[in-house]
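Report on the structure given below.
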Amino acid sequence: MVEEILKKSINQGFTGFQLYFQPQFWTYTEELYGAEALARFFCKEYGNVPPDVFIPILEQEGLIIPFGRWIFREAVMQAKKWRRKHPKFKMSINMSPHQFADPGFLDYAG
């Protein structure tokens, strides 16, 4: 089952998950101003599992909090690297409503 594979992945350091970064440009100037962090999941049993499948499972299983923290940490580390060359670079990260309800949200987002 996908649920068990996702649990195992998270417990093993988010194996199978990757972040991709969709560039964001200003429309009129075509200048790069940032990127959006996009999570993807691949496993041998099911191949590429789309976010509209794995995100609801993570929410239902109570795994969205550690998953969201992993995304946040990874995206911020990447943004720090890119900001060395582009100081005004912005990173967009999609959040689940469950993450905003997490009492520890400000501890890792701040």
Can you name the ring-ring contact (aromatic ring centres under 6.0 Å, His included) partners of Phe100, sequence neighbours left out?
Phe105

What's the shortest heavy-atom distance between Phe41 and Ser9, and which atoms?
CE1-OG, 3.6 Å

Between the NZ atom in Lys90 and the CD atom in Gln24, the distance rounded to the nearest 0.5 Å is 11.5 Å

Of the non-hydrogen atoms in Ala35 and Phe21, which two are nearest, and what is the gap between them?
CB-CB, 4.1 Å

From CZ (Phe54) to CG (Leu63), nearest 0.5 Å:
12.0 Å

Can you tell me how far the CD1 atom of Ile64 sits from the CE atom of Met95, to the nearest 0.5 Å?
9.0 Å

What are the two closest non-hydrogen atoms of Cys43 and Ile5, and how far apart are they?
CB-CG2, 3.9 Å

List the steps and the verdict of side chain to side chain contact (heavy atoms under 4.5 Å, CB included) for Ile55 and Phe67.
CA-CA 9 Å; Ile55 296 292; Phe67 177 69; 3.8 Å; yes

For Leu58 and Phe17, which heavy atoms make the closest approach, and how far apart are they?
CD1-CZ, 4.4 Å

Can you get from Val53 to Leu19 by hopping between Ile, Leu, Val, Met, Phe, Trp and Tyr side chains that sit under 4.5 Å apart?
yes

Quick one: list whatever passes side chain to side chain donor-acceptor pair (under 3.5 Å) with Tyr28, sequence neighbours left out.
none

Go through the structure and list residues passing ring-ring contact (aromatic ring centres under 6.0 Å, His included) with Tyr46, not counting sequence neighbours.
none

Taking all heavy atoms of Pro56 and all of Pro51, pick out the closest pair and write down the distance.
CD-O, 3.7 Å

When rounded to the nearest 0.5 Å, the distance separating CD1 of Ile10 from CD1 of Ile65 is 11.0 Å

Non-neighbouring partners of Ser96 that pass side chain to side chain donor-acceptor pair (under 3.5 Å), sequence neighbours left out:
Glu59

Rounded to the nearest 0.5 Å, the CG atom of Leu32 sits from the CZ atom of Phe25 at a distance of 5.0 Å

Is it the case that over 12 heavy atoms from other parts of the model lie below 6.0 angstrom from the CD atom of Gln12?
yes

So, taking the atom named CG in Leu6 and the one named CD in Glu3, what distance separates them when rounded to the nearest 0.5 Å?
7.5 Å

Write out all pairs satisfying salt bridge (Lys or Arg N to Asp or Glu O under 4.0 Å) with one or both partners inside residues 33-53, taking only residues at least two apart or from two chains.
none

Residues 70-87, side-chain donor-acceptor partners within the protein, below 3.5 Å, at least two apart:
from	atom 1	to	atom 2	distance (Å)
Arg83	NE	Pro87	O	2.9
Arg83	NH2	Pro87	O	2.5

